[in-house]
There are 2 protein chains.
Amino acid sequence: MADQLSKVFAALADPTRRDMVARLSVADSTVNELAEPYDVSLQAVSKHLKVLEDSGLVSRTRDAQRRPVHLEDNVFDLMTKWIERYKQQAEERYQRLDAVLEAMNADEEANDADFSAASAEGSEDTSSHRKSRKGA
Amino acid sequence: MADQLSKVFAALADPTRRDMVARLSVADSTVNELAEPYDVSLQAVSKHLKVLEDSGLVSRTRDAQRRPVHLEDNVFDLMTKWIERYKQQAEERYQRLDAVLEAMNADEEANDADFSAASAEGSEDTSSHRKSRKGA
DNA sequence: ACTTTATTCAACTAAATGGTTGACTTACGA
DNA sequence: TCGTAAGTCAACCATTTAGTTGAATAAAGT
């Protein structure tokens, strides 16, 4: 596929795989153990594990004919970093918007009473972004 | 498809969609604005937006013939909650394991010197999990 | 009313995904 | 060395996905 972040998100988009991760957070397991609760073939589980493995979410070692699966919890940070970044950016934006609205309110005091409703929809006056995108 | 968590992860598994989200964290945008930087048809972008929308990551309002897209940052929490939960669980496990190893070390002091390497692989003695899964 | 702008719908295609079954490999244990 | 247990590989199938093009809709602008 492509970059790791894409692979990790894709891997966790499947409920069975998420459940496997959940169970692996409790203890390392073998393929058979992991397969047990699900109503699919062992091969299907093996495939799921391959997906998890090459997303970097799990690793496998070898113990005789067993291949214990181990959760690589550090990969989670990759996601949380991405998520937190944009979440914060969005939040900051709202704070800025609130600040602007307040400033306008304070500045123009009793001019135009109901403009805030329209602005709350968003989109209208985000000119700085619009220009820069067009230019690029 | 299915549950929201699956949809959100699936939505973010695509780099183009992630980029859209990144840009939407800066400002709400119209479909045309969003489409501009990418080398695909407007219709393709429209589809991506549909995916983002029914994952709950974005919402759309209406402004004349435009349909401004707005990032719903609250959905991020759904993911971070899931992630943090299992990340913590995994971390706690390691702490517990470390504690056990230390306890054994303290208890048996100078008995069996190299067992720690084998235990570090994991899998061997996770009996509690094994039993409970089998039972269920 | 006629045209343009912004966006979606519909039909199609190629590739990826999640599942299946059957054959194979690897290593242990008798 | 023969059998069995634990997994994987390979070929196949159905469904979903990301993209395409062409036609349709909706609201302005002229």
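The chains referred to below are lettered A, B, ... by the order of the sequence lines, with proteins before strands, and numbering in each begins at 1. The shown structure was predicted, so the numbers you read here are calculated from the model rather than taken from an experiment.
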So B:Phe9 and B:Trp82, would you call those rings parallel, tilted or perpendicular, with 30° and 60° as cut-offs? perpendicular
Distance below 4.0 Å between B:Arg62 side-chain N/O and D:dA26 OP1 or OP2: no
Pair A:Ser6-B:Arg18, side-chain donor/acceptor within less than 3.5 Å: yes
Proximity to the side chain of A:Lys47 - top-ranked nucleotide from C:dA27, D:dA11, D:dA27: D:dA11
Considering only heavy atoms from C-beta outward, does the side chain of A:Val8 approach that of A:Ser55 to under 4.5 Å? yes
To the nearest Å, give me how far apart NZ (A:Lys50) and P (C:dG19) are. 15 Å
Which nucleotide wins on minimum distance to the side chain of A:Asn32, given the candidates C:dT8, D:dG7, D:dA28? D:dG7
For A:Asp14 and A:Ala64, find the nucleotide of DNA chain C closest to each by heavy atoms; which residue's nucleotide sits nearer the 5' end? A:Asp14
Please report, rounded to the nearest Å, how far the C1' atom of D:dA27 is from the CG atom of B:Asp63. 11 Å
Among C:dC9, D:dA18, C:dT20, the one nearest B:Arg17 by side-chain distance: D:dA18
Check every atom of D:dG7, C:dA23, C:dT7 against the side chain of A:Thr30 and return the nucleotide holding the closest atom. D:dG7
Nucleotide nearest A:Val40 when distance is taken to its side chain, options C:dT7, C:dA27, C:dT20: C:dT20
Any side-chain N or O of B:Ser46 under 4.0 Å from OP1/OP2 of C:dT8? yes
Rounded to the nearest 0.5 Å, the CG atom of B:Asp54 sits from the CG atom of B:Leu49 at a distance of 11.0 Å
On the nucleotide C:dT7, are OP1 or OP2 found under 4.0 Å from the side-chain N or O atoms that B:Arg60 carries? no
Closest to the A:Val51 side chain, choosing from C:dT5, D:dT21, C:dG18: C:dG18
Mind calculating the distance between CG (B:Asp39) and P (D:dA18) to the nearest angstrom? 17 Å
Determine, for A:Asp28 against B:Arg93, whether the closest basic-nitrogen to carboxylate-oxygen distance falls under 4.0 angstrom. yes
Would you mind reading off the distance between A:Glu33 atom CD and D:dA6 atom C1', rounded to a whole angstrom? 11 Å
Of D:dA26, C:dG19, D:dA18, the nucleotide closest to the side chain of B:Gln65 is D:dA26
OP1 or OP2 of D:dT20 versus the side-chain N and O atoms of B:Ser41: is any pair under 4.0 Å? yes
Starting at CG of B:Leu49 and ending at P of C:dT8, how long is that distance when rounded to a whole Å? 7 Å
Answer yes or no: does a side-chain N or O of B:Arg66 lie under 4.0 Å from OP1 or OP2 of D:dA28? no
Within the 4.5 Å heavy-atom criterion, are A:Glu72 and A:His70 side-chain neighbours or not? yes
Measure NZ/B:Lys7 against C1'/D:dT17 and give the value in whole Å, please. 15 Å
Taking atom types as they are modelled, would you say the side chain of A:Gln43 forms a donor-acceptor pair with the base of C:dG22 within the 3.5 Å cutoff? yes
Taken to the nearest whole Å, CZ/A:Arg67 to P/C:dC28 is 11 Å
Side-chain N or O of A:His48 less than 4.0 angstrom from OP1 or OP2 on C:dG19? yes
